[in-house]
Each structure stands twice: as C-alpha cells, then as structure tokens.
2 protein chains.
Amino acid sequence: MAATIKDIARETGLSLATISKYLNGGVLREKNRAAIERAIEKLDYHVNEYARGLKSNRSRTVGVVIPELSNLFVTQIISVVEGVLQEQGYSVVICDCRTDEERECRAVRFLLDKRVDGIINMPVCADGRHLRPAVERGIPILLLDRPLDALGGVASCVLLNNENAARMATRRLLELGHRRIGILVGPKDIYTSRMRLKGYRAALEEYGVTPAEELIAYGDYTLEGGHRQICRLLEEAEGMTAAFVTNYEMTLGTLIALNERGVRIPQELSLIGFDNMDLSRVARPPLTIVSQPLEEIGLQAARLMLERFSGERTAPVTVALSASLQEGKSTRRRRT
Amino acid sequence: MAATIKDIARETGLSLATISKYLNGGVLREKNRAAIERAIEKLDYHVNEYARGLKSNRSRTVGVVIPELSNLFVTQIISVVEGVLQEQGYSVVICDCRTDEERECRAVRFLLDKRVDGIINMPVCADGRHLRPAVERGIPILLLDRPLDALGGVASCVLLNNENAARMATRRLLELGHRRIGILVGPKDIYTSRMRLKGYRAALEEYGVTPAEELIAYGDYTLEGGHRQICRLLEEAEGMTAAFVTNYEMTLGTLIALNERGVRIPQELSLIGFDNMDLSRVARPPLTIVSQPLEEIGLQAARLMLERFSGERTAPVTVALSASLQEGKSTRRRRT
DNA sequence: TCAAATAAACGAAACGTTTCGTTTTCTTTA
DNA sequence: TAAAGAAAACGAAACGTTTCGTTTATTTGA
C-alpha cells in the first residue's frame, strides 16, 4: 500500500543506497536529489520508522516517567519538553507511575522494551534502582526536580535551586519583622524537602534566629497533608506570625484550613506559598509565592537530552535554576 | 548484544516459528513452553518492537492529540487513558498542539508517520480536516469532549452530556428562586459551549423564564476571558442574582473578579462553577460546581479504542456521560 | 588528453520478527 | 496395533530500511 524506498528507487532509477543516503542527509548530485524529491512527493512516501529502527536500533523516541500526570507542576514542564523534542522529530512517550515505586520500575522497563533513545524521569524511588536497567544499557538519563546520588553521576539533572528559593522566601518574612516563622515541608527523606528546609534554616541563622523545632511541620506534599500540618502548627506553635508552605498542593490545603478557621491573611498570619500562579491570583488576598521557572526547566531538559543524542555532550551535567518571589498581598510587617 | 528470538531458538532447540508462536500467545506443548520461558529468563530476552512492527505493521502505540497539556481537565482524562492502555502493552504518544489548528494537523501527520495504531483526539479544528489523513488510512479515531460531524461518523466519541449538565445547574439556581441568572459560556462556535447554552435555555424555559440576551456572556474559556465577561455581566446585566460559569478557567477568572470587586458569595451573587474539585474546596465559600466524570471518560475512551483493536467493535459509537452537581456553599435562596 | 584522485552511486547482506504452507509428532479409534 | 485425524513444530520468505565494501562517474592536474 504505502510507498517504500524501493518505489522511490524504481521511480528515479537510482539505487536503494542512494535513496537512503538522501533520507539521512547525505550529499548527492543535484539532479538526483531533485528527482528523489519529486518521486517522494509524487508517491507520498514516508519513512517507515520501524524498518529504520530495526536497522539502526534507534527509535527517535524519548520516554518520560513522571509521578503524576494530573499535576500542573509536572505537565507544564513536560509540555515544554514535548514541544522541543517533537520539533526535532522525536516522539515522547509518557508514563505516569502514580508515585508508586513498583509502577516506576515497570515504566522504565516498558520504555526500554520500546527501545527509547533516552529517559527523562522525575524520580519517585529515591535510590534510583528503577533506572539500573537503563544505566546498564547505557542510554542517556535525565533527572527532573531531584538528583539521584545513588546513580553515581551517570545521569544529567535539571532542578530548582531549592535551598536558595526557600532562603529567599524566609528572608522576605524575616525582613518584615517576623521571627516565629512556621514552615511546611514535605517528607523528611525527599530531596526537595530537605533542601527547602536547609534554605529556611540558613535564612534564620543569617538573621540570628534559632530555628525552633516546633515551627517545622513535615507534610507529605498533598492537600490533605498540608491541611493537617498547618492545623498542627496553628495549635502547637505558639506565637507563629508567618508561615511558608513549600509546594502547591500543601498551599491549597493551607488555604482551605485557614479559611475554615477564619484565620485572616495577612492580619493574623503572613503566608508565602509555592508554585502556582493562578492560585496566587484567585486566592484572597492574592498570594505571595515562590515561583519556579517551569518553562526554563523544560527547555533545559529537552536541550540536554538532544545534546546527548547528537553527541555534542557526553558527560552528564546538573543544571540548577533559580526561583523567583512573586509578590502578592499575603504578607505584612509584623506589628511590634 | 541483546538476545533475539534466534538465541531462544538455539537455546531451546526449537524453531523460530515456535518461539514466535509462544510470544504471540499460541498454543504449544507444555514442556516446550517451559523451556522457552526458561530460556527467556536466562537470556533476558525482550521482544524487539521494531522488528515486530516492521512485519506486522502494528506499533502497539496510540497517539493522543490534545489542545493543552497543562490543563487538569485534559490530563486527568489522559492519565486514565494512559494507565489502561499501558496495562495492555500499548504506549501512548502525546502531542500537545497548544490549541493551534496548524500544529494539530502536524501532530496527526507526525503520529501517522510513527505508524500509531489509533488516534485519540480532543479536537481543536472544528471541521476535522486534520484527521482526514488518518481516516484515509482507516485507523481508528476516538474523539474526546466534542464530536466532529464533518467526519461523517467514522470516529467514535466520548463526551459529556453537556446539555443536561448545564440544565441541571441552571435548574438548581431556579429552584432557589433565582430568575435573573447569568451564564458565561465559551466561544459561540464551540460545541461544548453551544450545548451548555442550550441546556441553560432549556431549564429557563422549563420554569417559564424567557432567556434574556444580556445575561449571556461569551467568553473564550480562558481565565482572562472569564474575568472580563463576568465584569461585563456585573455592569450590564441588571438584577442578576446568580451566575453559572461553564468551565474551570473562567471559573477561576470569575472568582478573581468577584474578589477584586468585593462581591460577596452567595449573599450578593449565587455562583455555580465548573470542573475542578480542588478549587471548589479552596475557594471561600466552597464552590458549588458541575463536576465531570473524568475517570469514566478516560476509561471509556481507552476501552473503546482497545475494542477497536481487538476487533470486538467495528462500528464507531458515541458515549455521552453525565455530570454531577457538587454542592458547596456558593448558592443560596434568593431573598424575595 | 590521460592518469590519478575524488566523489557519487551501487549491490547485497543484515536487522529481528511474523506468517504461510508443509512436515513431523502425537492421539484416537477401529 | 495400524491408519487416520488432529495438533504442534518447522523452514523459508518477507517486511523496509541502513551500511559496508566496491564499482562507476566525475573532476583535477600535469
């Protein structure tokens, strides 16, 4: 049915090898090139990626393994990645592992079976064991959002400078005179969580404030967790005048809780949230938030992957990007 | 490097044909089956999808073309679709066309080049011209969210019963005594928009209320559009005591605008929004919303596609699902 | 103008499967 | 127990490319 390279060869009187050369960007006589192009047009020829993949063992496909597809933080990045890669003729196969290590393992194996040329992963499993098979096969790996030290530096990584981001937000609250600043971080063992906490501590120390343990709440990066933990802080952390919530879902949870309890922002509590612009505008008052450069993260990820493919870059690198503080009206100077 | 079917054949002393039969679920002697399984395990054999695809002309891949990847409505559906298809060994290639008809065309062609077995599409281009090449090749097409009559019924379709959804929401407001009910719909020429408007009108007529044109605002399904149009309604639609906003982004825009203007909900305006549960909880007061069965939509879409593949179903069908009304506290009885 | 050097085109094999028509092996049944 | 029938395994060709070693055509320099 569909035209093949053979049809083009017959039509032009050239050999298969020559057509293939054309298809792969080789140099050939101008009149032959023209003839081939004419034939391709006429026969509506399209390369059969399967035949090509079989021979060349490359699929022009990149696998993306993410913890959650219905998460704006994730999709905004992936959307950019997909756009860039598609432009270069690569398809993107997305696997949503639903924050499940077992599924994540399976996803990687699935993608390897599909002979993807590279894997982009926002890792769930902290020891990186799910990526072992990919490392063994030597295919390029790019990590998003969190590094995986256990991989021994074979993977590139694009992430936020979490420490600085948290430090910046905390500083802002300190500048406004707050000293009892609560923080909601994620699970203790998660990289972003540790780093954000580190930044928070660093800022406090900068201002000569001793971090009080009762002001630190470990949530689980979910809406419910945020809700629960902010309630705990409100009840147990006496004298708290400001709070910094370190991801989007928990920021949502916090807002819900504060609304329920009638805690006024910023009169009773100054609040800095994380990640989502729309939310910061719809909330009342508009929220001050730490905003990640999602577009840039996606661009860098795609770029790094493409550079690995083209051979421009062989050694893995880590790219750390900076967050910005989006000013809203949810903070105010502490009354002295 | 990697083991092939030949290696399995050598290891087991069986022929290629037999191994292939095993791989494709054929029936064979128990001891041969066991031997093959042992060999596969031992040699860590994995099917080469490219060789298989070349022969069988099937890719075990489904293309998904969507208008926007960073849109919860879309991703929640796609997430389900991906999960189901993956379980059946299919990969999902996602193309985000950014609500651009030209890109949408290109995406379809791209997927055809990739020899996808089927295409799932939430169409942007209303005349379906982008799908023509797919129709010609006879590959199964499944439309999400909106039908495409111009395709002449060759595509299956999974969508919301938009008319009923809007009628239900409008009825609710009517029951509460409201008579001057504003509605924010999308662009006039968009299917969902037309249907939702139709449902609104139907409900009004049911209650003997003549729909007033000044209560109908055509937005563009964006946050900004929602913001602008609700402002217009507030200014021009005298005596409006309730409003129904028919998608998520515009609901966000509406909330922002109402907050800005200090319009109290539900005291001054009863509000029913659309689509997103989290928002309905974080907003203050919690929002009453029309909620789409996203999970079900995804399941049906995947199921229908798989049935086409397996040959269980040959004729295209349209599945219309019902929305539910999620009660919040953003509506109240009109004071008489 | 002719040989040497360079550039372009060619032929054939290979990639790892599936499939179809055939042969071999196993079960029945008389 | 042998022949017939059913079930399972086999062999070989084909799918549409790429690639490597070789041949043919073109250009260059003397």
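Proteins get letters first, then strands, A, B, ... in listed order; numbering begins at 1 in each.
- Neither side chain, T192(A) nor N162(A), offers a donor N or O lying under 3.5 Å from an acceptor on the other.
- Surrounding CD of E41(B) are at most 12 heavy atoms belonging to other residues, nucleotides or ligands under 6.0 Å away.
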Could you list, one pair per line, each protein nitrogen or oxygen that sits under 3.5 Å from a nitrogen or oxygen of nucleotides 13-20 of chain D, together with the distance?
residue : atom : partner : partner atom : Å
dA14(D) : N3   : K55(B)  : NZ           : 2.9
dT17(D) : OP1  : Y45(A)  : OH           : 2.7
dT17(D) : OP1  : N48(A)  : N            : 3.4
dT17(D) : OP2  : I5(A)   : N            : 2.7
dT17(D) : O5'  : Y45(A)  : OH           : 3.2
dT18(D) : OP1  : N24(A)  : OD1          : 3.4
dT18(D) : OP1  : N24(A)  : ND2          : 3.1
dT18(D) : OP1  : R52(A)  : NE           : 2.8
dT18(D) : OP1  : R52(A)  : NH2          : 3.3
dT18(D) : OP2  : S20(A)  : OG           : 2.6
dT18(D) : OP2  : N24(A)  : ND2          : 3.3
dT18(D) : O2   : K55(A)  : NZ           : 3.4

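- Using a 4.0 Å cut-off between a side-chain N of Lys or Arg and a carboxylate O of Asp or Glu, R98(A) and E68(A) do not qualify as a salt bridge.
- Both K31(A) and S15(B) sit near DNA chain D, but only S15(B) has its closest nucleotide nearer the 5' end.
- Side-chain contact, E49(A) with Y50(B): no donor N or O sits under 3.5 Å from an acceptor N or O.
- Under 4.0 Å is where a charged nitrogen must lie from a carboxylate oxygen, and between E101(A) and R129(A) at least one such pair does.
- Taking atom OH on Y22(B) and atom C1' on dA7(D), their separation rounds to 19 Å, with Å as the unit.
- Taking atom CZ of R10(B) as the reference point, atom P of dC10(D) lies 15 Å away to the nearest angstrom.
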